[in-house]
Structure formats: C-alpha cells, structure tokens
Amino acid sequence: MVSGKILSIDGEPVDFATVFLKGTSYSCSTDDKGLYHLNAPAGSYTMVFTAVGYEKTERSVKILPKERVKVNVKLKPVTQLGEVIVVGNQLSKVRNSAFNATAVNTQELVNTTKTLSEALAKAPGMKIRESGGVGSDMAVTMDGFSGKHIKVFIDGVPQEGVGSSFSLNNIPVNFAERIEVYRGVVPVGFGADAIGGVINIVTPRRQRKCFLDASYSYGSFNTHKSYVNFGQTLANGFKYEINAFQNYSDNNYWIDSPVEDFETGAINKKKLEHVRRFNDTYHNEAVIGKVGFVNKPWADRLLVGFNYSHMYKEIQNGVRQEIVYGQKHRHGHSLIPSLEYSKRNLLTKGLDVALNANYNRDNTTNVDTATVKYNWRGETVPLNSPGEQSYQYSRSINNNWSATFTANYRLREKHLFTFNDVFNSFNRTNEDLLTIPPVKEEFSKVTTKNIVGLSYRFMPNRHFNMSVFGKQYHLSVSGPIATSSAQDVYQLTSRTVDDFGFGAAGTWFMPLGFQLKASYEKAYRLPTIEEMFGDEDLEVGDISLKPEASHNVNLNLSYNAVFGSNVIYVEGGFIYRDTRDYIQRNIMALSGGKSAATYVNYGRVDTEGLSFSLRYSFSKWLSLGGNFTQMNVRDNMPTAQGSTIANLAYRQRIPNLPYMFADSDINFYWHGLGRKENVLTVSYDNQYTHKFCYYLSNIGFNTDEFMVPDQFANNLTFSYSVGNGRYNFSFECRNFTNAALYDNFSLQKAGRAFYGKVRVYFGN
C-alpha cells in the first residue's frame, strides 16, 4: 500500500484530488482531509497527483511487499491571468459545492498598477462604475444588481462601515491572493443580506518564514502609489505581518463639459468646452498590522490586528457634471482593532469554528464654506450665502461593532452542517464645527443588524451534492426624522424589521467535463447605513426604507477540459430576480438649482440576464479570454406607486444602469528572455459598454443629451520580471485610444494615461 496526504502550498488539505500510478489502472481519490490510500502490486512506479485548479505533480515510488509506503505532496495552484476556474483549495471546495463561484487570480497582476476593483472587472457579469479618477466613488454591478446589493468581505469579514479608505478602488491588487466572486445565491457561511452576490477578498495565508514585498508607481495626473508588505512566521508558530499602502493623485485630467456663463446664469448643455479638473486631489494612507500564533494545538489561527487609515478628498462635482465646486472637500481617519480565531476539530472530530470581531471608529469631516461660486473655467462670482452645495463644516463620528461566528460540523463524509451568525451595531453622531464650541446633534443615528443562518449539505458521491438553508434577518434602527416642511424640526423615531429567507442549491458533475449548477433563494437585503442616514453631504438618507425582498434563480453550465498543453474553460449562466421594494438611487432637486442623491423603495423590478465566459491557455506562453453580459432590468409596476394611475415607466429599463457590456484580454509570456528565470509579459485588455439612458427612455429622455454613449477602452501593459520575480518592472498605457469614457449620470473619466511601476520581492 502507498498512502499519504495532499496539501496546498498554504498547508490546507486538498479534497477530491486524484492519485494514480502512471501506465496502470490503479487509482484513488483523497477524502475531505486530503488523505489517500492506494493498493497496488509491489514494484517501481511513477505516481501522478491531480486536482482541479492545481498543477499536475509526479513522484517516483517503490512499493515493497507487505509494507506501507508514505508519500506526501504539496500542489501548486494553477496561475493564469484574469478569471480562473479555481485558485487554491478554498475555491476548489466552492467549485465542488452547489454555489456559482468564480475567482480572479491577482498573483499575475501584482506587477501592474491595478487596484482590486480593476482586477475584479475581469469576472463574468461584473461591471465596475467609478465617478472619476483615483479615490472617486465606486459601485460594483453584478448581474444587473449594483452598489449595496453586493456585499464585500475581506477573509470572510464584512466590510460594511469601514470607511472610504478601504474601498476596492483604493486597495492595491498586491493586497490579495485572489478575489472570490459568489454570483446570486450566497452560502450561509458569509451571513450576508446580499441579493446580488458577494465579493470576498482573500489575503495570502502561506506560512512564509520571512518576506518583503514592496512597490512604487508613478503616472499621469501626478499619480503616486506605493505598497509594502512584510512579515515572518517562526518555527514556534508566532506570526506577524504589516501591510501599508498609499495613493495620491491630482486627478487633473481634461474633460468636455458645458460651462455656466456667469453673465447670463445659463448653462448651454449643447455647447461643450475642453476644460481641466482643478479641485479633485485625493490621497489616502493605510497601515494594517497583525500579530499572533498559527498552527498551535489550541488554535489554527489566533491573531490580533490593528488598522489605521487616513484620507483627504477634494470634491469637484456634484451628481451631475455641469455642477462644479472649487473649494469643497472632506477628510477623515479610521481606527480598527480586530480579533481572528479559527480551529479545526475543536473538542470533537469534524467540528471547525471561526470567530472574527472588530471595532471601527471612523471620523469624517465635510467642509463647504466657500463664499464664491465656480464654473469649469475656474471663474468665480460671489455667492449670496456661503456654501457651494450646502453651507457646512461638520464632523461625523461613526462607531461600528461587528462580529462573525461560523461553525461547520462534518458528519462522516456525506453530511455537512453550517451555522453562522453575523452581528453589526452602528452609531453615528454629528457635530457642527461652525459654532464654538461645536454643537452635537440632538439625536444619534443607530442601527443594529443580526443575521443568523443554518445550512445542510448532502454529498452522496463526487458527482452530485446539494444544500438547503435558511436565514433569519433582524434590523433595529433609530434616528431623527423631519416633522416640518422646511426640514428644520426633527423628532426621534425607531422601528424594527424581522424577515426569514430560505433557499436551495445543487450541482451535478456531468460526463466529459461539464458541470451544471442550479439555485433558488428567497432573499432579503436590509437598508444600509448610507441609504438610511446618507453621508451628511451629497447623499440624503431615508430612515423609513423597507428591506428589499427578492426571489432569485440561478442556472449555470460550464465546461472544463485539458488537451495536452491546452486548457479550455467555457461558462454560460442565466439569472432571474423578482425584487419587491427595490431600493433605487435617485436625484433630488435642492434649492438654488442644486441637487443631491436620495434613496426610495421602488415597488417591483424584474431582472433577467445572460452571461458568457471563455478562457483558453496554451502551456505557459499564452492566455486569452473574455466575458459578455446582457441584462434586462425593468420596472414591473403597472400603476404608479400608491395610486391607480398608470405607470409610464412600466416595463421600461431601470435608468442609469448599463445593460450590455463585455471585456476581453490576451497575454503573451516570453520565458527566458535575458536569463532562464526572467519573464516578459505583454498584455492587452479592453472593456466595452453599450450606450444607456440616464432617465426613462419612453417619456422624452431618449435623446443624445440624456444618453451615456457607447464606450470602448483599450489598455496595454508590458511587464518584465527578473530573477524568478525578485525584481519587476512594468509600463502601462490606459485608454490608449483616448476614448471619451463616462459613468454615473455621464460623469467623465480620464483619457489616455501612462504609468510605470517598480516592485521587489524577497522571501520564501
């Protein structure tokens, strides 16, 4: 007999791996702990170890009569640019489950200047929408759902309320080992109230003895980005790690915009001028530290962490491009202590537990005290009263407590029970700094959210498994609500919400490399802090918002095959959502011709969508692929809300939402250029967005004035790696055709831009 254990390079067991003796019919598979046992006649053989998402490994072995030979191996994950089927053992487990999950491998992007949001855009059905340059507001669209419909996690910890310094478009791609994307129905283990999906940022967990990863980049618009990550794991299990990064940009790119004529007070929207942004500087800095123990008898991981971040952001625009500010800005900082604990086989065999807890204190100060009004030429005229948008010098103090507990109990090999509880408590206090001493608001804004989930997974064999689950949602909220038409008299109000959701998911591993997945969920999404309370500046909240309720259906068929050095992956998916009390972001007119964003429950919305993904790679020399998404998100209210009057928007597309988009990339790798261990990588990628309307297209707004036009962005990257990745140099040209790119309500983004980056890595 020959036996042993198969692990990933992170030390995690690889289940469902295949072991066989080359040239024979003797084979077996690993169990959920990565263990295998193979009986064969005595002799000398070549053992072959394979697993989905890992490189094939071979070992020579001599089997002796009546003796047991032990052979342990570690498998390396398959690495290829862009969207991959599986990266590492955790995604292997997800792929074997019934949930529709893919991953973005960030490891081959670490020499670029991309952020996590730019890497994420390569996943099927994903669209990243930004309102400008570095540090601008960002929203993720997944299968027709956007923004708050999609929840973001880092290593399974929810990121709601952590502050803008930790947005996906601020975090460098080096921070993560991979990005897991769960589309539609979400596993109970995340405890999320998401109806669109979940994004989980997975940081490296390899037990490296000592390492240093540092980089610096510079580019157009005076953009500076730097990153450093170093740490060590000692033989006794003591571990420490420090991550630090910063971003800075003037964001002073050119745009085409109508300009207000101060002599007449008019804005001719049909006359565009080529103007430069001038009040859009952004910078942020963050330090993330962890210290503790790993691989001890009493804990697999016990780490204490502390995060500090700071940001400064000048605000050039309102929610429309013709609205321009010259002095408005905000700044803030965030402190986050945290605790992480996990243990496999706690007290009894098969019981795995994990606990994550953190406290976040986030202070944000909004400054709008200018006494003059600006236009895009930088000209000014006096204001009748101070304040370009709304006169304020105020500080918001946000306190956010969060805890997540997950327990998995495996009964034999066929049954798995999962319990998850996510608790979140939020408190916001505002101070008016225009007065001395500062005056606090009479009422605090408070929410308490708790989501409890329980699931059961049945896996009778390697070819089929299914899960059923239920979730209990609880929300308590209290805060001020206006009681006067002038919005200047408030009283404290409170309410609670309780809902129950449920669902099921199944997958079938079909012959010839096909896999079919199907899932259904009655899901709820609780209103977020921003939707209920706003951001105390450009966003106006509504404390009375109802949770969104949605019937979600997902169907997915994929094909994966390896032909010698050729790897092919094809995936097609269909989604359907019937959403009630849909929370929509609208534009609200303010006095003086100003405007802000607000949120409303909008009756019923139907979503149908198709997405296709294709990837091909040849050996280690070529990788190419692309994604296409077609969404149909439509108003499904026959009458206007709260009345019997016909709804003019019935069956019309939800406005300001891209509904057809695609991307593709091709990557060439020249190994051995200069020296054997050197690699030159040349990458081309693009993004296409079909035109869409800001407003309802059937009531007079379906004209060029209210359309975001077709967009096609092209990017080119050259990267040269020296000494097996120790020294790395890259050059990028973004949007090299200098196409006009737009996003939310036609806010224009940067044109052609150039960036260079230097990175060094030492360690093992």
Side-chain angles (χ1 to χ4, degrees), residues 130-133 135-137 221-222 249-282 312-331 365-394 433-434 486-487 535-540 586-598 656 694-695 700-701 703-709 740-751:
E130 292 181 286
S131 60
S136 62
D137 294 334
F221 322 120
N222 195 28
S249 181
D250 290 339
N251 287 320
N252 57 343
Y253 56 89
W254 293 87
I255 63 170
D256 298 302
S257 176
V259 178
E260 182 176 359
D261 186 335
F262 283 149
E263 291 186 5
T264 64
I267 301 177
N268 185 353
K269 294 184 179 181
K270 296 183 179 180
K271 180 182 179 182
L272 303 181
E273 296 187 24
H274 198 55
V275 295
R276 196 180 191 108
R277 298 176 74 90
F278 58 89
N279 184 51
D280 206 16
T281 297
Y282 175 85
Y312 171 84
K313 180 180 181 180
E314 294 177 347
I315 301 174
Q316 180 79 90
N317 279 105
V319 292
R320 293 185 178 133
Q321 188 157 286
E322 61 265 24
I323 301 170
V324 58
Y325 307 128
Q327 298 181 36
K328 185 176 173 63
H329 64 278
R330 68 170 61 120
H331 57 85
T365 301
N366 290 298
V367 183
D368 187 1
T369 57
T371 58
V372 294
K373 182 179 183 180
Y374 288 79
N375 66 13
W376 274 112
R377 302 188 194 103
E379 301 167 343
T380 62
V381 293
L383 286 166
N384 294 328
S385 58
E388 297 179 82
Q389 198 262 343
S390 60
Y391 182 46
Q392 67 169 317
Y393 179 28
S394 62
L433 304 180
L434 292 170
Q487 303 283 300
D535 67 353
E536 313 300 335
D537 188 14
L538 298 174
E539 305 273 335
V540 178
N586 289 341
I587 301 302
M588 179 177 68
L590 302 177
S591 60
K594 302 171 183 177
S595 60
T598 186
N656 196 37
Y694 301 177
Y695 301 106
F701 293 114
T703 63
D704 290 343
E705 182 181 351
F706 298 101
M707 296 291 292
V708 177
L741 305 179
Y742 301 88
D743 224 315
N744 295 316
F745 290 96
S746 202
L747 299 179
Q748 190 171 350
K749 298 188 288 188

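What you see below is based on every heavy atom in this structure, not just the backbone, and it leaves out hydrogens, waters and symmetry mates.
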**Q** Give, for atom CG of D368 and atom OH of Y391, the distance between the pair rounded to the nearest 0.5 Å.
**A**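 Answer for the CG-OH pair, D368 versus Y391, is 9.5 Å.
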
**Q** Going from NZ on K328 to CG on N279, what distance comes out if it is rounded to the nearest 0.5 angstrom?
**A**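 The distance works out to 10.0 Å.
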
**Q** Answer yes or no: does atom CZ of F221 have more than 12 heavy-atom neighbours from other residues, nucleotides or ligands under 6.0 Å?
**A** yes

**Q** What is the minimum heavy-atom distance between I315 and Y325, and which atoms define it?
**A**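 Looks like O-CB, 3.3 Å.
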
**Q** Could you grab the distance from atom CH2 of W254 to atom CZ of R276, nearest 0.5 Å is fine?
**A** 5.5 Å

**Q** Is it the case that the side chain of E322 and the backbone of K269 share a donor-acceptor pair, with hydrogens and angles ignored and the cut-off at 3.5 Å?
**A**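 Side chain of E322 to backbone of K269: no pair is present.
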
**Q** Determine yes or no for a side-chain-to-main-chain donor-acceptor pair under 3.5 angstrom, with N222 supplying the side chain and D250 the backbone.
**A**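 Absent.
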
**Q** Pair up each side-chain donor or acceptor in residues 257-264 with any protein partner under 3.5 Å, not counting sequence neighbours, and list the distances.
**A**
residue	atom	partner	partner atom	Å
S257	OG	W376	NE1	3.2
E260	OE1	K373	NZ	3.3
E260	OE2	K373	NZ	3.1
D261	OD1	E263	N	2.9
T264	OG1	A266	N	3.3

**Q** Going by the side chain to side chain donor-acceptor pair (under 3.5 Å) test, name the single residue among H329, R330, Q389 that passes it with N366.
**A** R330

**Q** Can you tell me if E314 uses its side chain to pair, donor with acceptor, with the backbone of T281 under 3.5 Å?
**A**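 A pair under 3.5 Å: yes.
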
**Q** Nearest 0.5 Å please: distance from the NZ atom of K749 over to the CG atom of N251.
**A**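 Spacing of NZ (K749) from CG (N251) equals 13.0 Å.
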
**Q** How many angstroms lie between atom CD of Q748 and atom CG of L741, to the nearest 0.5 angstrom?
**A** 8.0 Å

**Q** Measuring from atom NE2 of H331 to atom OG1 of T365, what distance do you get when rounded to the nearest 0.5 angstrom?
**A**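 Going from the NE2 atom of H331 to the OG1 atom of T365 covers 4.5 Å.
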
**Q** Just say parallel, tilted or perpendicular for the rings of Y374 and F278, cut-offs at 30° and 60°.
**A** tilted

**Q** Would you indicate whether the side-chain heavy atoms of N252 and D280 approach each other to under 4.5 Å?
**A** no

**Q** Side chains of N375 and I267, heavy atoms from C-beta outward: is any pair under 4.5 Å?
**A** no

**Q** Any idea which heavy atoms bring P386 and T371 closest together, and the distance?
**A** CB-CG2, 4.4 Å

**Q** Using a 3.5 Å distance criterion without hydrogens, assess whether the side chain of E388 forms a donor-acceptor pair with backbone atoms of G326.
**A**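 Yes; judged by distance alone, with no hydrogens or angles, the pair exists.
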
